[in-house]
Structure formats: structure tokens, C-alpha cells
Amino acid sequence: MPLQFEGKVALITGAARGQGRSHAIRFAEEGADIIAVDLCSQIDSVAYPMATPEDLDETVNLVEKTGRRIVAEQADVRDFQRLKSVVDNGVAELGRLDFVLANDGVYFTIEAALPALLEHGDGGAIVITNSDAGLKSVVPTFRTRSHGAAGYTAAKHGVVGLMRYYARTLAEKNVRVNTVHPCGVATPMLQNEQMEQFIAEFAEWGDYLQTPIPVPTIEPADITEAMIYLCGQSGRYVTGVTLPVDAGFSVK
């Protein structure tokens, strides 16, 4: 029985670790070849340690163990020309592009990928990783407010509008576009010393983030399975939706 993504190619940003690595491995297990992108260096304004070239190498190793091909490159998603070059290099080697999993750098990632995504005429899927902050405020009190939290909430809500723009304009090309909204996911972006210190200082924030289904965090694989559904045959008529995978936090 053929794998559901056999002969397909997925572009994944943030692929060096965490959710992106999980997506890359699982899509490869379903038969897809992978174009993997990650910055793999530290940004001064980010307090926690970011992914490294060695992390991306491990993603390559794990994908190749499935028997699929992978083209992995370091790139800053804020650099549109670099993203275009990465997509061009990946498509030149792997032959086509069918899925775009935008874990970061949403607009540039989609625009860089669109020519290849549309070229073969078979349609495809774009799935944007968003957050519960794209559906509601994740800041519960006056004391926990900040310029950063306001900007984060506004940006994540804006990504929903961007998704709906693409869902409408790409529908006639049979390209489906959706967002997935996780709660806290067990990745280094959440599980780090800086986050622990913040929750210790603002206990009400940690209490507020407790999900109705009582789990401390969900796993990257839980988000990956939503990606598989939205890109697969089962999700062939699903577009323009904001899909929470959040143990009920969005209805809290």
C-alpha cells in the first residue's frame, strides 16, 4: 500500500528541532521528501538558546533513516531572497513542492514557496503554526501585561488574517491554507530557564495557562498529526480554519 505522501515534497521552516523536526520525520515516514530550513544561530534579543547547526544535522540524520531524501539549509526567514534560493535549490534536487509548513517567517516563507507550489498544477497545502494567542489573550492580569505580550498577541491574530487571505486567493488553485493553534508544547522554546524564572515570578500566568484537559504541555507529535491531517486526503476540503490543538485552552 503506497504511503499517503509518496512522491510529494514538504518545505518546513524551523526544522532543526522541536515541532519542525517532528514534522520533518513524520512527513518523511509518510513518504514525503523534505526541504528543511532553520536559522541555526542565536538572535541577541532571544533569551533562550536557539537551534544549532548540529540540531539541523540531526534532523537530516533522522529523516534519512526513514529512507527519504532531505535538502537542509541554514536561512533566516526574514531574508526573502535567501528563502527563495533555498526553495529553488530544494526543488531543483527533489523535483517539486506540495506542502508548506510555516513554523516561522510566515509571509516570506509562503511567498518564496508559491511559484514552486503552483508550478505543477496539482494543488497542495499550506499550514501555518500559530498559537492560542492568535485566538485569545494569553496574558491574564494587569500585572503580567507588557509591550512584548501585546505585540505577540497582535502578531498572532494578524497571522489568522494572513491565513484567510491566502485561503481565499489560493482556493481556485486547489491550495488549502490553515492555521494550527497549540497551547504550550514541550520544546526548548518553552522549557528553558528563562521561562521557569518568569513563571516563578508571575505565578498567576502559569495558573492561567493550565489547560482544561490536565496536562502540563502537549508534545510536538500532537501538532504534527494535525499537520498530517490538514495536508492529507482526509483534509482535502478543509481550508481557512483555525484549528486549536490545545487541550481545551481556547475554550477556557
Side-chain angles (χ1 to χ4, degrees), residues 1-15 19-20 22-37 63 66 68-71 77 80 83-130 134-135 156 158-182 223-245:
M1 182 176 178
L3 300 171
Q4 65 171 319
F5 295 152
E6 191 168 348
K8 306 291 188 181
V9 177
L11 167 67
I12 304 172
T13 59
Q19 294 181 52
S22 175
H23 303 342
I25 296 167
R26 186 75 180 87
F27 271 68
E29 289 173 345
E30 289 290 343
D33 293 324
I34 307 298
I35 304 171
V37 181
V63 168
T66 72
R68 305 313 306 175
R69 297 177 295 168
I70 180 171
V71 175
V77 294
F80 180 61
L83 279 178
K84 286 178 61 178
S85 175
V86 169
V87 172
D88 289 345
N89 293 342
V91 171
E93 183 165 341
L94 302 177
R96 57 186 288 143
L97 182 62
D98 301 273
F99 310 125
V100 178
L101 307 186
N103 288 307
D104 46 33
V106 174
Y107 182 69
F108 277 2
T109 297
I110 293 174
E111 286 296 313
L114 267 182
L117 190 64
L118 298 175
E119 183 178 11
H120 51 72
D122 296 337
I126 298 168
V127 188
I128 301 166
T129 305
N130 200 305
L135 303 174
K156 294 302 184 181
V159 168
V160 172
L162 194 62
M163 176 274 286
R164 289 172 175 155
Y165 160 79
Y166 280 117
R168 183 67 184 89
T169 59
L170 296 178
E172 65 189 74
K173 301 296 186 180
N174 197 28
V175 174
R176 309 180 309 283
V177 189
N178 299 285
T179 50
V180 172
H181 298 255
I223 310 304
T224 299
E225 291 307 313
M227 299 283 180
I228 293 285
Y229 164 69
L230 290 170
C231 290
Q233 182 71 5
S234 296
R236 65 191 182 278
Y237 298 131
V238 180
T239 195
V241 305
T242 55
L243 177 62
V245 183

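All values below come from the heavy atoms of this structure, side chains included, with hydrogens, waters and symmetry mates left out. These figures come from a predicted structure and were not determined experimentally.
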Is H23 reaching over with its side chain to a backbone N or O of L101, donor-acceptor style, under 3.5 angstrom? no
Nearest-0.5 Å distance that lies between atom NZ in K156 and atom CG in L135: 11.5 Å
Without placing hydrogens or testing angles, list every side-chain donor-acceptor pair under 3.5 Å for residues 225-242, not counting sequence neighbours.
| unit_1 | atom_1 | unit_2 | atom_2 | d |
| --- | --- | --- | --- | --- |
| E225 | OE2 | R26 | NE | 2.7 |
| R236 | NH1 | Q233 | O | 3.0 |
| T239 | OG1 | V177 | N | 2.9 |
| T239 | OG1 | V177 | O | 3.4 |

Could you tell me which non-hydrogen atom of A113 sits nearest to which non-hydrogen atom of V100, and how far apart they are? CB-CG2, 3.6 Å
Do the non-hydrogen side-chain atoms of V180 and V127 ever get within less than 4.5 Å of each other? yes
Under 4.5 Å between any side-chain heavy atoms of Y107 and L162, yes or no? yes
Partners of F80 by ring-ring contact (aromatic ring centres under 6.0 Å, His included), sequence neighbours excluded? F108
Once side chain to side chain donor-acceptor pair (under 3.5 Å) is applied, what residue pairs with a partner in residues 160-174 remain, sequence neighbours excluded? E111-Y166
Rounded to the nearest 0.5 Å, how far does OG1 of T109 lie from CG of D104? 6.5 Å
In terms of heavy-atom contacts, A28 and I34 come closest through N-CD1, 4.2 Å
Indicate the atoms forming the closest heavy-atom contact of V87 with A116, along with that distance. CG1-CB, 4.3 Å
To the nearest 0.5 Å, what is the distance between CG on L170 and CD1 on I126? 5.5 Å
For T129, all residues meeting side-chain hydrogen bond (donor to acceptor under 3.5 Å, both in side chains), sequence neighbours excluded: N103
Contacts satisfying salt bridge (Lys or Arg N to Asp or Glu O under 4.0 Å) that involve residues 89-99 (not counting sequence neighbours) are K8-D98, R96-D98, R96-D122
Taking the side chain as everything from C-beta on, heavy atoms only, tell me whether T179 gets closer than 4.5 Å to V159. yes
Once rounded to the nearest 0.5 Å, what's the spacing between atom CZ of F99 and atom CD1 of I12? 10.5 Å
Sub-4.5 Å side-chain heavy-atom contact between V86 and K84: no
Supply the atom-to-atom distance I128 CD1 to L243 CG, rounded to the nearest 0.5 angstrom. 13.0 Å
List in chain and number order the residues that pass side-chain hydrogen bond (donor to acceptor under 3.5 Å, both in side chains) with R68, two or more places apart in sequence or in another chain; answer none if no residue qualifies. D33
Within the 4.5 Å heavy-atom criterion, are V9 and V91 side-chain neighbours or not? no
With rounding to the nearest 0.5 angstrom, report the CD to OG1 distance, E30 to T224. 11.5 Å
